Amino acid sequence: MAHTKYEVLFKKESVWGTGVDPSGTLASEYLGLTQNAAYSIENTNNTGTPAYGGVPTHIGQGPATVGGRVDFLYNTGLPFAIMLGNVAATSPVEEKAPYKWTITPTADAVPFTANYFADGTNDLIVQLLGCYAKSLSFDLSVTSQAKGTFEFIAKDYDKGTPFTAISSFTPDDAANIIAQDLTIDVGALKSISYITDINFKIQRNVKMGHGIGSNVPNVVNIGKFEPITGNIIAWVEDSATAAELEELVTGGDSLGAITAQDI
């Protein structure tokens with residue numbers, strides 16, 4: 001196959017806005033199994049009307065903004081690496097199994113290129129340049145597979161044949177992650193069996209800046225990470241379960257540190 005029906009592959013840039021072609025074989029280049037993908041290009045155009053008439057006579061082109069979004073099923077991709085920045089791991093290295101990571105958020109965000117492929121009568125090949133991550137949402141529920149949504153902004157884009165397209169795409173053959181195959185630990189609480197849903201969102205404030213006379217951004221402002229927000233949904237069967245939930249909320253050091261309360 002030339003490539004799968006619809007894929008978005010990522011590649012870190014050494015220079016902001018200078019596109020990097022994907023290889024299509026590295027785990028660090030994709031988030032997971034792509035479910036939905038979209039990109040947008042918006043211009044802040046306006047019209048000018050002379051003082052002597054009521055009909056616009058010219059159009060002014062304002063700053064343009066480019067952005068993208070990918071919904072994915074998680075198998076063994078690396079969505080956290082592209083969101084948080086550097087991967088601090090010596091074994092394994094970034095692109096190799098077994099995909100167990102220590103992620104280190106960095107003050108200096110890493111720019112990347114997003115490469116869109118759509119297999120059709122006339123293939124869609126689009127490259128978004130100078131991208132920065134804005135948010136990553138992740139959800140694990142007993143009613144569905146592990147899934148996430150990744151959003152980012154970009155400096156510019158090229159379409160048609162702006163780069164060397166991949167000839168094949170071979171993601172890891174690992175199965176999608178499902179809740180019943182996992183053991184969930186939260187802090188000091190081990191093998192929690194009563195949690196039915198965990199979801200969270202990582203966000204970073206990133207904005208593109210435009211200079212006078214240019215609708216393409218020429219500067220990027222990288223803000224700080226916002227607090228990670230999320231929810232844990234659980235069922236409560238007895239006072240022991242209630243005590244564990246209270247410990248999650250209050251940050252107790254060990255089980256039994258809080259007096260059990262019937263709920």
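Predicted model only: the values in this text are computed from it and were never measured.
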Under 3.5 Å: donor-acceptor pair, side chain of [X], backbone of [Y]:
| X | Y | answer |
| --- | --- | --- |
| R204 | G223 | yes |
| D185 | S191 | yes |
| S141 | T143 | yes |

For [X] against [Y], the heavy-atom pair lying closest together:
| X | Y | result |
| --- | --- | --- |
| Y30 | F10 | CA-CD1, 4.4 Å |
| T113 | T18 | OG1-O, 4.1 Å |
| V20 | N115 | O-ND2, 3.7 Å |
| V126 | Y157 | CG1-CD1, 4.3 Å |
| M208 | G130 | CE-O, 3.5 Å |

Query raised in the report: With respect to V142, which candidate in T196, I195, D197 satisfies the side chain to side chain contact (heavy atoms under 4.5 Å, CB included) definition?
Result: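 Per the side chain to side chain contact (heavy atoms under 4.5 Å, CB included) rule, the option paired with V142 is T196, out of T196, I195, D197.
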
Query raised in the report: What pairs with Y39 under ring-ring contact (aromatic ring centres under 6.0 Å, His included), at least two apart in sequence or on another chain?
Result: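 Y116.
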
Query raised in the report: Who passes ring-ring contact (aromatic ring centres under 6.0 Å, His included) against F138, sequence neighbours left out?
Result: Y74, F80, F200

Query raised in the report: Can you list the steps and then say if E151 with K134 is a salt bridge (Lys or Arg N to Asp or Glu O under 4.0 Å)?
Result: CA-CA 6 Å; E151 295 182 308; K134 289 183 62 179; over 6 Å; no

